[in-house]
Amino acid sequence: MAKPLEKISKEYPNRGPLSQFRFEKSISFNCLRCGEAKTSKLITIYSNDWEKKLCNGCYGNLLSIYDIKGGQLRLDEKAEQLLGLLEKYVDSNKVREKVKKLNIANNKSSFLTPSSLRFYATSECVAETLTKDPNLDWSPAIIGLCKAFELELVELFINPLKEHCKAVKFSDQDLRDKDFGKIAAYCSGKPMKSPELGVVNHFIQTAVNSNDRFENSSFLQEGLKVFINKFPNHGWLINKNGLNAGIDNLTKNYRNKAAHTDELSKHEYESCKDLVFGENGIMWNLILSLKMY
Ligand SMILES: [Zn+2]
């Protein structure tokens with residue numbers, strides 16, 4: 001899954017299902033176990049899954065569990081000792097609270113930026129009108145949902161990245177790159193329209209998949225990498241099953257069809273709405289990925 005973009009400077013021997021790594025620079029992440037946002041060069045992962053990161057404290061606690069379980073004590077004594085460890089894990093309640101806060105049932109739209117919320121609301125209004133006539137084309141309403149996501153992506157991700165890049169020196173190579181030159185130019189402060197969904201997607205795909213360019217581009221190294229490493233939940237942004245897959249799905253199955261000749265129905269509007277604003281919608285994943293906690 002999404003392995004951090006930073007370089008690994010040391011890999012420690014596995015201890016059971018735990019593998020610990022030291023990175024060259026500190027990375028922000030959420031610890032799977034205690035739920036705390038941590039910033040550290042040391043990251044442990046559970047069962048080789050980069051989605052399951054552990055902080056150093058929790059690494060220590062888990063090691064004690066394995067030590068107890070693998071030790072020579074009688075079962076009763078082992079159980080007793082494990083019980084002692086349990087008390088250290090009370091922090092997991094904090095995670096549940098945080099999740100609750102983020103979900104604030106049915107109140108998710110309060111997290112949207114005003115322009116994005118306006119497009120969402122406009123689409124819903126159009127949808128209500130369309131419901132009265134089943135033969136109408138639902139494309140405009142679908143385009144509105146796509147626009148809402150694009151605006152949020154620009155306001156939450158691309159514009160703050162541009163702000164961060166004020167301190168970055170752009171090379172000609174960056175600005176002329178065939179895959180991310182447009183984004184580099186935008187982030188370097190050139191007066192131009194904000195990038196569209198497809199352009200952002202192609203940029204991230206290239207950054208994640210092209211080691212060569214990643215190593216040699218100051219825009220990707222000091223710009224993108226340093227920027228996203230500040231966010232503990234940024235994994236979704238660089239995971240190919242995360243933002244990548246989300247934008248692909250949204251553009252290929254909805255926006256492009258709506259913009260071309262296909263007649264789209266209520267059914268497609270509903271499934272597009274589910275993709276963006278549903279229970280596990282890409283909108284909420286995007287917002288969560290770019291929160292500082
Ligand atoms: Zn932890």
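We count residues from 1, following the sequence as given. Excluded from the calculations below are hydrogen atoms, water molecules and symmetry mates; all remaining heavy atoms, backbone and side chain alike, are included.
- Partners of Asn201 by side-chain hydrogen bond (donor to acceptor under 3.5 Å, both in side chains), not counting sequence neighbours, listed by chain and number: Asn244, Asp248.
- Between Phe214 and Phe219, the ring center distance fails the sub-6.0 Å criterion.
- By the rule that hydrophobic residues join a cluster once side-chain heavy atoms approach within less than 4.5 Å of another member, Ile247 and Val208 end up as members of one cluster.
- For Lys38, there are no salt bridge (charged side-chain N to carboxylate O under 4.0 Å, His left out) partners two or more places apart in sequence or in a different chain.
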When the side chains of residues 281-289 are checked against the rest of the protein, which donor-acceptor pairs come out under 3.5 Å, sequence neighbours left out?
residue	atom	partner	partner atom	Å
Trp284	NE1	Phe277	O	3.3
Trp284	NE1	Gly278	O	3.1
Asn285	ND2	Asn280	O	3.4
Asn285	ND2	Asn280	OD1	3.4
Asn285	ND2	Gly281	O	3.3
Ser289	OG	Asn285	O	2.6

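- With contacts defined as side-chain heavy-atom distances shorter than 4.5 Å, the pair Ser40/Asn56 does not qualify.
- Two residues are said to be in side-chain contact when any heavy atoms from C-beta on lie closer than 4.5 Å; Val199 and Phe180 fail this criterion.
- Contact annotation: the side chain of Asn30 never approaches that of Glu36 to less than 4.5 Å [non-hydrogen atoms, C-beta and beyond].
- Ion pairing between Glu163 and Lys166 holds under the 4.0 Å rule for side-chain N and carboxylate O.
- Put simply, the side chain of Lys147 does not reach to within 4.5 Å of the side chain of Arg118, judged on heavy atoms.
- Remark: Glu24 CD is packed, more than 12 non-hydrogen atoms of other residues, nucleotides or ligands lying under 6.0 Å away.
- Looking at heavy atoms from C-beta onward, Arg213 lies in side-chain contact with Thr206 at the 4.5 angstrom threshold.
- Residues that satisfy the ring-ring contact (aromatic ring centres under 6.0 Å, His included) test with Phe149, not counting sequence neighbours, are absent from this structure.
- Apart from Leu42 itself, the hydrophobic cluster it occupies contains Tyr12, where clustering links Ile, Leu, Val, Met, Phe, Trp and Tyr at side-chain heavy-atom distances under 4.5 Å.
- Two residues are said to be in side-chain contact when any heavy atoms from C-beta on lie closer than 4.5 Å; Leu161 and Ile228 fail this criterion.
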May I have the list of side-chain donor-acceptor pairs in residues 182-193 shorter than 3.5 Å, sequence neighbours left out?
residue	atom	partner	partner atom	Å
Tyr186	OH	Asn159	OD1	2.6
Ser188	OG	Ala185	O	2.8
Lys193	NZ	Glu196	OE2	3.0

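- The shortest distance between side-chain heavy atoms of Ile142 and Glu268 falls below 4.5 Å.
- Qualifying side-chain hydrogen bond (donor to acceptor under 3.5 Å, both in side chains) partners for Thr39, counting only residues two or more places apart in sequence or in other chains: Ser28.
- Hydrophobic cluster of Val226: no remaining members, since no ILVMFWY side chain lies below 4.5 Å from it.
- Proximity of a side-chain donor or acceptor of Asn14 to a complementary backbone N or O of Gly16 within less than 3.5 Å is not detected.
- The ring-ring contact (aromatic ring centres under 6.0 Å, His included) analysis of residues 231-258, with sequence neighbours excluded, yields the pairs Phe227-Phe231.
- Side-chain contact between Leu18 and Leu54 is present, with heavy atoms from C-beta onward closer than 4.5 Å.
- Here the closest heavy-atom approach between residue Ala2 and residue Gly235 is recorded as CB-O, 3.5 Å.
- Side-chain contact annotation: Gln221 with Asn216, donor-acceptor N/O pair under 3.5 Å absent.
- For Ser123, the side-chain contact (heavy atoms from CB on, under 4.5 Å) criterion is met by Leu145, Tyr269, not counting sequence neighbours.
- Counting all heavy atoms, side chain and backbone alike, Lys52 lies closest to Ser47 at NZ-OG, 4.5 Å.
- Taking Thr113 as the reference, Glu152 meet the side-chain hydrogen bond (donor to acceptor under 3.5 Å, both in side chains) condition, with sequence neighbours excluded.
- Residues meeting the ring-ring contact (aromatic ring centres under 6.0 Å, His included) test with Phe29, sequence neighbours left out: none.
- In this structure, Leu250 CG and Lys252 NZ are separated by 11.5 Å, a value rounded to the nearest 0.5 Å.
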